[in-house]
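These numbers were taken from a predicted model, which means no experiment stands behind them.
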Amino acid sequence: PRQTIQTDFTRTHFDTYTKLFDLSTFQMNRTKDSAFIYDPKMLSVRQLNTTIDSLENLGAHYLKRSKVEINSYLSFARYIDATWPKTDTGFLKSVGSLKQLIPDSVKRYVQERSLSQLGTVTNNVNLIYDDYKTRQDSLLKHEIEWHRKFTLSVACIVLFLIGAPLGSIIRKGGLGTPLVFAIVFFVLFHLLNTFGEKFAKSNVMSPLAGMWLST
């Protein structure tokens, strides 16, 4: 026999139903104002001169740093200026390869130690290079902004000296022909200015040549 269980059936009614969606992930995350405090474009010529002067001696600084951080892992470099007494090398025999100097019992140890030291030296060189590249890019940006202070002013004079005579020399075609020539010169100037700045930032050209290319 089938047993039937009696249960109550409940029905609930709502006058209004409100569905809430979490939109917190769509909020705009504001960047801290401190991230935009320093910009080479906001510096004056005097401030740029001071910063460029402090960044120009990169070669000597990183050469000294590389000697300190790398030479400690190169054991043979420690004996270059050693004061050891000179020994007679007449009894030494010439060998065909470096492997003949290393016994088989320590060959594996020598290889592992060499690879370990080379890995450490490589990591140090990469860190020094990344730091040097960052400061070199900063130096280029400051030099570009230093030249921009003068190139924009000179560009106004140059374009005026080109545009004013065009209006008096080209008399055919009314206002349209001189205007077309003026637009062509301006577009040419803008392209050279953009290309020169890109070349200077990528270190293809010096900041002096790149920023003054359009003028």
Side-chain angles (χ1 to χ4, degrees), residues 31-149 151 194-213:
T31 306
K32 294 182 179 180
D33 296 337
S34 58
F36 305 98
I37 290 178
Y38 184 83
D39 192 345
K41 296 181 180 179
M42 302 173 62
L43 301 181
S44 62
V45 175
R46 181 179 300 178
Q47 292 172 332
L48 287 172
N49 286 332
T50 304
T51 307
I52 291 173
D53 184 66
S54 63
L55 292 174
E56 279 183 340
N57 298 325
L58 292 177
H61 170 73
Y62 283 97
L63 180 61
K64 181 179 179 180
R65 177 180 171 183
S66 62
K67 288 183 178 180
V68 173
E69 296 187 8
I70 297 176
N71 285 1
S72 59
Y73 296 98
L74 305 178
S75 302
F76 57 86
R78 305 176 188 175
Y79 309 114
I80 296 178
D81 299 326
T83 59
W84 287 9
K86 294 183 179 180
T87 57
D88 184 14
T89 59
F91 65 92
L92 297 178
K93 298 180 180 181
S94 59
V95 293
S97 64
L98 184 62
K99 295 181 180 179
Q100 299 179 9
L101 296 176
I102 304 175
D104 295 337
S105 59
V106 295
K107 186 177 296 184
R108 182 177 180 85
Y109 170 75
V110 171
Q111 291 178 350
E112 291 178 353
R113 184 174 178 182
S114 300
L115 291 175
S116 176
Q117 289 187 349
L118 286 176
T120 304
V121 171
T122 302
N123 293 333
N124 289 345
V125 170
N126 290 333
L127 290 175
I128 295 175
Y129 169 76
D130 293 339
D131 192 13
Y132 176 83
K133 189 68 169 57
T134 301
R135 296 191 64 175
Q136 184 67 24
D137 293 341
S138 178
L139 176 61
L140 288 176
K141 290 179 181 179
H142 284 82
E143 290 181 344
I144 288 172
E145 295 304 326
W146 188 91
H147 287 285
R148 197 196 304 275
K149 302 290 185 182
T151 54
T194 303
F195 292 153
E197 184 175 351
K198 293 291 185 182
F199 291 154
K201 287 183 177 180
S202 58
N203 208 14
V204 176
M205 301 176 64
S206 65
L208 174 64
M211 295 305 294
W212 289 93
L213 176 64

Atom NZ of Lys198: over 12 foreign heavy atoms under 6.0 Å: no
Pair Asp130 + Lys133, salt bridge at N-O below 4.0 Å: no
Lys149, NZ atom: more than 12 neighbouring heavy atoms under 6.0 Å: yes
Distance, nearest 0.5 Å, that separates CD of Glu112 from OH of Tyr109: 9.5 Å
Test side chain to side chain contact (heavy atoms under 4.5 Å, CB included) applied to Glu56 and Glu143, step by step: CA-CA 10 Å; Glu56 279 183 340; Glu143 290 181 344; 4.3 Å; yes
Pair Asp137 + Lys141: basic N to acidic O under 4.0 Å: no
From Tyr129 atom OH to Thr122 atom OG1, the distance as rounded to the nearest 0.5 Å: 15.0 Å
Residues, nucleotides or ligands: over 12 heavy atoms within 6.0 Å of Tyr62 OH: yes
Glu145 and Leu43: CA distance, side-chain angles, deciding distance, side chain to side chain contact (heavy atoms under 4.5 Å, CB included) verdict: CA-CA 9 Å; Glu145 295 304 326; Leu43 301 181; over 6 Å; no
Stepwise side chain to side chain contact (heavy atoms under 4.5 Å, CB included) check, Leu55 with Arg135: CA-CA 7 Å; Leu55 292 174; Arg135 296 191 64 175; 3.6 Å; yes
Gap between atom CD1 of Ile70 and atom OG1 of Thr120 - 0.5 Å precision: 11.0 Å
Closest heavy-atom pair and its distance - Pro40, Leu48: O-CD2, 3.9 Å
Gap between atom CD1 of Ile144 and atom CG of Leu139 - 0.5 Å precision: 9.5 Å
Ile128 side, atom CD1; Tyr132 side, atom OH - distance, nearest 0.5 Å: 12.5 Å
Ser66 side chain vs Leu63 backbone, donor-acceptor pair below 3.5 Å: yes
Residue pair Leu213 / Gly196: nearest heavy atoms and the distance that separates them: CD2-CA, 4.1 Å
Test log, rule side chain to side chain contact (heavy atoms under 4.5 Å, CB included), inputs Met42 and Gln47: CA-CA 10 Å; Met42 302 173 62; Gln47 292 172 332; over 6 Å; no
Main-chain N/O of Leu127 paired with Asp131 side-chain donor or acceptor, under 3.5 Å: no
Approximate separation, where rounding is to 0.5 Å, of Ser206 OG and Phe199 CZ: 12.5 Å
Residue pair Ser138 / His142: nearest heavy atoms and the distance that separates them: O-ND1, 2.6 Å
